[in-house]
Engineer: 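Just passing along the structure, written as structure tokens.
What you see below is based on every heavy atom in this structure, not just the backbone, and it leaves out hydrogens, waters and symmetry mates.
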Amino acid sequence: MERKRPAGILLLILSAFTGTIAFRLATPAIAFYTRDILRASMFAVSLVSMSFVLARAFSSVLGGLVLERGKRFVYIGAMAMMGNALAVQLYPITSSWLQVAGIKLLNGFLNGISWPMAQFVLAVTTPREIRARVTAVYFFFGSIASLLGNYIYAYTVSFGLAGQMWISSAFFVITGLIMLLSYYLLFDLITPRKKKTPDGEKPSLNPKRVLTIASLMAVIVAFTSGEITYVYVSEALGLSKERTAVLLGWTGFLAALLSYFISWLADVRSEARMVKLTALLAGISPILASIKTAPTVFLGIFLALFAFQSFRPVSRKVLASYHRSSLAIGGVNAVQNISTFAGGMLFGLAYSLGEVRAVLTLNLALLVFLPFSLGLIFEALQMRRD
């Protein structure tokens, strides 16, 4: 069994790479298709992005509950991943943004089943003393793939949406097959629900506070999620589609690379202090991104991504110690997705407020996140010192 564990974990990390290529290639392609070809408003683009995360929120909890009924259901996650290959083939035949949003709902439902299950299996089959770092590597490989996916988009613009979706489909199928093999290797180590005993493994932080911080952080960093980010950066800074995709890809990659050190400190020092740090950085990110200059916009996006990507492995490590770990990890995914939906819709609605010009030009749609930023920082400061 011990020989199978490293192979299974490595395969799950590989699935984060191949699956993110599929998703990240599709995201800018659908964003600019919806905005430029279908002539959708920014609010409609927000609806397209957020329909994905809303569906993903519902199915994340559903997947956690199903998994509690038996670990054999983990294979459903791999099948759901392969279902994305069929779903993305529908985008090129759409004629309205509402149809695009409907397909995004389907994509979100399938991803909400597949990715939380993969994160749960990775967390519970990895030894606790290295859990945050291994989970960070998993997310880091996803970020490498995100950068590569943006480059693939930039170099395949001439293929058109239909050609790009065929590439995306191929990677979704490959990812599902990798997940199937990984779950087979790790099957004996998967424990969706443990008995609650006084001497059992316990979370180092209060799971309820972790969920609260996850919710507030997801609302704030929603402006970096999906199609709306590409459109905002392109329009605010006057950049081409290809340059926007490449620059956002590098921003996400650097954020993920540096986030590994936060996971290392969480493993060897203090999880609570790392959560406080990420909350502070996430809190100031929309304020910086609201200042309409290239350095501040990209710094704000970088801090938001860095904070969120640093928080994810730490939160999964904490929740993997909970006696209902599969539901807890599905729950934090659901909370983050619902909050991202709310934040994305808020950003889309506020986008029409325009800008205020004084010494600097500020985007009012990003300044509306200030109350949530203050709430996040307050919640983080309430945690006990370790």
Side-chain angles (χ1 to χ4, degrees), residues 24-50 97 143 146-158 220-258 281-309 340 343-370 373:
R24 188 52 61 185
L25 165 62
T27 301
I30 295 163
F32 292 121
Y33 172 77
T34 306
R35 181 69 162 168
D36 298 340
I37 304 301
L38 301 181
R39 301 295 180 185
S41 67
M42 190 61 168
F43 177 67
V45 175
S46 297
L47 276 173
V48 168
S49 291
M50 295 307 112
W97 69 264
S143 296
S146 180
L147 173 62
L148 182 58
N150 278 286
Y151 267 106
I152 293 173
Y153 164 78
Y155 285 105
T156 59
V157 169
S158 61
I220 293 165
V221 305
F223 73 94
T224 67
S225 301
E227 286 78 6
I228 55 176
T229 313
Y230 290 88
V231 175
Y232 169 66
V233 171
S234 179
E235 294 183 354
L237 302 178
L239 300 176
S240 68
K241 301 172 189 176
E242 295 86 350
R243 187 165 178 78
T244 298
V246 170
L247 288 174
L248 285 175
W250 274 107
T251 303
F253 171 76
L254 292 173
L257 179 63
L258 294 176
L281 295 178
I284 64 175
S285 64
I287 301 170
L288 283 169
S290 71
I291 304 172
K292 198 176 174 182
T293 67
T296 51
V297 167
F298 279 104
L299 179 59
I301 292 172
F302 169 79
L303 290 181
L305 292 172
F306 173 71
F308 195 61
Q309 290 173 6
T340 300
M345 294 307 299
L346 178 62
F347 181 59
L349 286 168
Y351 198 76
S352 60
L353 295 175
E355 304 163 344
V356 58
R357 293 179 177 84
V359 178
L360 299 169
T361 301
L362 303 175
N363 184 286
L364 293 174
L366 286 166
L367 291 182
V368 300
F369 290 107
L370 184 58
S373 294

Engineer: Indicate yes or no for a side-chain donor-acceptor contact from T229 to the backbone of F223 under 3.5 Å, with no hydrogens or angles considered.
Structural biologist: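 It does hold such a pair.
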Engineer: As an exercise, state the distance from CD1 of I287 to CG of L367, rounded to the nearest 0.5 Å.
Structural biologist: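 Those atoms lie 7.5 Å apart.
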Engineer: Tell me, with the steps shown, if F308 and T224 meet side-chain contact (heavy atoms from CB on, under 4.5 Å).
Structural biologist: CA-CA 10 Å; F308 195 61; T224 67; over 6 Å; no
Engineer: Provide the closest heavy-atom pair for L38 versus W97 in the form atom of the first, atom of the second, distance.
Structural biologist: CD1-N, 3.8 Å
Engineer: Search all heavy atoms of I220 against all heavy atoms of A282 and return the closest pair with its distance.
Structural biologist: CG2-O, 3.2 Å
Engineer: Work out which heavy atom in A289 is nearest to a heavy atom in Y232; give both atom names and the distance.
Structural biologist: O-OH, 3.1 Å
Engineer: Give me the atom names and distance for the closest heavy-atom approach of G249 to N150.
Structural biologist: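 Distance-wise, the nearest heavy atoms are CA-ND2, 3.6 Å.
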Engineer: Measure the CG-OG distance between L247 and S240 for me, rounded to the nearest 0.5 Å.
Structural biologist: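 Reported value, rounded in 0.5 Å steps: 8.5 Å.
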Engineer: Roughly how far, to the nearest 0.5 Å, is CG of L248 from CZ of R24?
Structural biologist: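 Going from the CZ atom of R24 to the CG atom of L248 covers 8.5 Å.
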Engineer: Backbone N or O of T244 within a donor-acceptor pair of the S234 side chain at under 3.5 Å?
Structural biologist: no
Engineer: Working note: V157 + E242, criterion side-chain contact (heavy atoms from CB on, under 4.5 Å); need CA distance, chi angles, decisive distance, verdict.
Structural biologist: CA-CA 8 Å; V157 169; E242 295 86 350; 3.9 Å; yes
Engineer: From T251 OG1 over to L147 CG, what is the distance, rounded to the nearest 0.5 angstrom?
Structural biologist: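 One finds 9.5 Å between OG1 of T251 and CG of L147.
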Engineer: Please report the shortest heavy-atom distance between F369 and G343, naming the atom on each side.
Structural biologist: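 Here F369 and G343 meet closest at CZ-O, 3.4 Å.
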Engineer: For the pair V231 and T34, evaluate side-chain contact (heavy atoms from CB on, under 4.5 Å) and give the outcome as yes or no after the intermediate values.
Structural biologist: CA-CA 10 Å; V231 175; T34 306; over 6 Å; no
Engineer: Verify side-chain contact (heavy atoms from CB on, under 4.5 Å) between Y230 and Y153, making sure each step is shown before the conclusion.
Structural biologist: CA-CA 12 Å; Y230 290 88; Y153 164 78; over 6 Å; no
Engineer: How close do L366 and P286 get, counting heavy atoms only, and between which atoms?
Structural biologist: CB-O, 3.6 Å
Engineer: Is the ring pair F306/F302 parallel, tilted or perpendicular, if the boundaries are 30 and 60 degrees?
Structural biologist: parallel
Engineer: So which of L303, T293, I301 actually passes side-chain contact (heavy atoms from CB on, under 4.5 Å) with L288?
Structural biologist: L303
Engineer: So do the side chains of L237 and V297 get within less than 4.5 Å of each other, counting heavy atoms only?
Structural biologist: yes
